[in-house]
Structure formats: structure tokens, C-alpha cells
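Contents: one structure, followed by commentary.
Here is the naming used below: chain letters follow the sequence lines, and residue numbers restart at 1 for every chain.
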2 protein chains.
Amino acid sequence: MRIRQMVAPDLNRGFLEALSALSEVNLTFEEAVPVFQRRLNSGLHTYVAEQDGTIVGTASVFIEQKFLHSGGLVGHIEDVAVDPQRHGQGIGRELVQYLIQHCRNLGCYKILLQCTQELMPFYEREGFRKWVNNMRMDLVATTVSVSSSESA
Amino acid sequence: MRIRQMVAPDLNRGFLEALSALSEVNLTFEEAVPVFQRRLNSGLHTYVAEQDGTIVGTASVFIEQKFLHSGGLVGHIEDVAVDPQRHGQGIGRELVQYLIQHCRNLGCYKILLQCTQELMPFYEREGFRKWVNNMRMDLVATTVSVSSSESA
């Protein structure tokens, strides 16, 4: 297995299927390409785990430069997903460790992520600890965001 | 009082002082300008509350386009700060409501933020609820991140 930065053709190599372990994706290849491009442009980087030419897992990270802490960098890990048929093979662990090393190399002073209660022991084993509270507000999505250019 | 998108000259109008209510900033104006520019380039937008020509508060938001939910948009609110001498005037509330409206206008399906236990009642009044767990890992920052170009 190999972890590497995602490229657009991965969208056709099982990426969307692996990601759908998390929640519904509901994008065709043609719709996903501009999403991929906008994510790259905004510094949201996606990594994939590849096994025999198939994408079996993925994780993303956004690097936020703060004004605080002398312009310090924070890594935000998002959307860690592994093909359910390959759970228990350590793929999630390798993806997370890859992103931790990436954040370390960039000089981040901390990494944040949000996870359910069930996943806490997994992230604690990787070196994370519970820290303050995560708050959420649901909005009614008013536009078809796939075609939005505002996020780029 | 007026809420508006931040511009670089705000760095000299009390912005860094207002922000330092959260944590140490430790940036000169000259160091803060490229940080401001890199944040803008990466889609991390900062808003300010201005009173009589002085910046008295600030809040930032990063819009993340996901592959999940048909390419849905998520607003991440970061670094809400108000000059301690102006606490209790509703400035924080107006900043947060401004960002919520901004996320609504873009078509975000949810907004996330992290806060301490003390601030939970404030955010609950604004319409947020506690949701899953926030996890953190501290790293030793190995580079002077102000001069990093990797975050842009």
C-alpha cells in the first residue's frame, strides 16, 4: 500500500467509493473534478491510500496560518475514510500518521480534528487528546454548491 | 459599529491588539502583512468590527468544499476576539451573526467552531449545539512559520 497526494484520475479509481464510507457523496466523476480543483486551490489537500491501483482510503488536511502565535500554522484533518471491506488493516492509521508527519514537516504547532465517541480511542492511540468543545449549526443549503465559485 | 471584511491597513488600526485578547500574537505590522495575504489566498477570510476608526473585534471563517454531500460547503469559524475593554457590548454576537449570514449566503450546509466550556452558553444562544468531539495534538513548531510559503 502507498500513501500519496491525490490526483484527479483517482476520482475514477475508487476514491469516491472509499469516501462514501463516511457519508453520501453523490457526485459523478465530471462533477467531482472541479470540486477537486477548488479544494486544491484553497489549500485543502487530499491524500489517498492506493492498493493494486485502487484507492482504498483517503484523508484531507487544511493548513491554516493564524495571526496568533507569530503566524503559527494549524493542521485541520478532515474526512478520514477507509473502504469498509479493508477495515482492520491499519490503513486509517497510516493515513493519519502520514498527515501528522506532513503537518510536522510544515512546522505546524498543533493539529485538530473532530471525531465521534467511538473513534476517540483510535485517535488517542495516534497521540491526540480531547480538547475544548466542538459546536455545530445546521443550515439549509440554499445553492447547489458544486457549481459555486465562492469557495475557491 | 460596522462589521466588514478586513483590509491590510486594519493591521495598524487595532486589529492585532483586539486579536491578542485570545492569545499572544507577536507579529509586527510588516510581518503581519504577508500572513494576511496568504490567509486571503487560501480562502481564509477575516472580518473586523470597526468603531470610530478603531478595530475592536474580529472573527474569521474558512469555507471548506467537501466531496461529501454533493460537494457541500462547510463554514469553519476561527479566532473570534473582542477588545477586552469592549466586552459586554454585543460585538462578539454581531461578528458571529455576520459570519453565520455569510455562510448562509454561500449555501453552507453546516458551520463548525471550537470553544471552551465557558463560551458554550454564548454559542448556544447564537444557535450552535455541541457535536462530537474535538481532538488536538501539539507539535513542536520546527520552522518560523511567518516566512513559510507552504500555507498559501
**OP:** Scan for salt bridge (Lys or Arg N to Asp or Glu O under 4.0 Å) pairs involving residues 108-125 of chain A, sequence neighbours excluded, and state none if there are none.
**Re:**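 Listed by first then second residue: nothing to list.
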Please classify the contact of [X] with chain B as side chain, backbone, both or neither, using a heavy-atom distance under 4.5 Å.
X       : result
A:Phe62 : side chain
A:Glu78 : side chain
A:Leu44 : side chain
A:Leu11 : side chain
A:Phe36 : both

**OP:** With a 4.5 Å cut-off on heavy-atom pairs, point out which of B:Phe67, B:Trp131, B:Phe128 contacts chain A the most.
**Re:** B:Phe67
Original post:
Of all of B:Leu68, B:Asn26, B:Thr46, which one pairs up most often with chain A through heavy atoms under 4.5 Å apart?
Top reply: B:Leu68
Original post:
Considering heavy atoms only, which positions within residues 18-25 of chain A lie below 4.5 Å of chain B?
Top reply: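 Only A:Leu19, A:Leu22, A:Ser23, A:Glu24, A:Val25 of residues 18-25 of chain A have a heavy atom under 4.5 Å from chain B.
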Subject >> Spatial distance of atom CG (A:Leu113) from atom CG (B:Asn134) [nearest 0.5 Å] >> reply: 7.5 Å
**OP:** With chain A as the partner chain, list the residues of residues 94-103 of chain B whose heavy atoms fall under 4.5 Å from it, by residue number, and write 'none' if nothing qualifies.
**Re:**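 The residues closer than 4.5 Å to chain A, in numerical order, are B:Ile100, B:Cys103.
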**OP:** Enumerate by number any residue of residues 52-61 of chain B whose heavy atoms lie under 4.5 Å from heavy atoms of chain A; in the absence of such residues, state 'none'.
**Re:** none
Original post:
Among side-chain atoms of B:Gln117 and A:Asn133, is any donor-acceptor pair under 3.5 angstrom?
Top reply: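 Yes, side-chain donor-acceptor contact under 3.5 Å.
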Original post:
With distance as the sole criterion, is a donor-acceptor pair present between the side chains of B:Gln65 and A:Arg38 under 3.5 Å?
Top reply: yes
Original post:
Taking all atoms of both residues into account, what is the closest heavy-atom pair of B:Ala49 and B:Ile91, and its distance?
Top reply: CB-CG2, 3.7 Å
Subject >> Full working for side-chain contact (heavy atoms from CB on, under 4.5 Å) between B:Met120 and A:Met135 >> reply: CA-CA 8 Å; B:Met120 273 183 67; A:Met135 307 291 284; 3.9 Å; yes
**OP:** Give the intermediate values and the outcome of side-chain contact (heavy atoms from CB on, under 4.5 Å) for residues A:Leu73 and A:Glu64.
**Re:** CA-CA 6 Å; A:Leu73 302 180; A:Glu64 173 201 8; over 6 Å; no
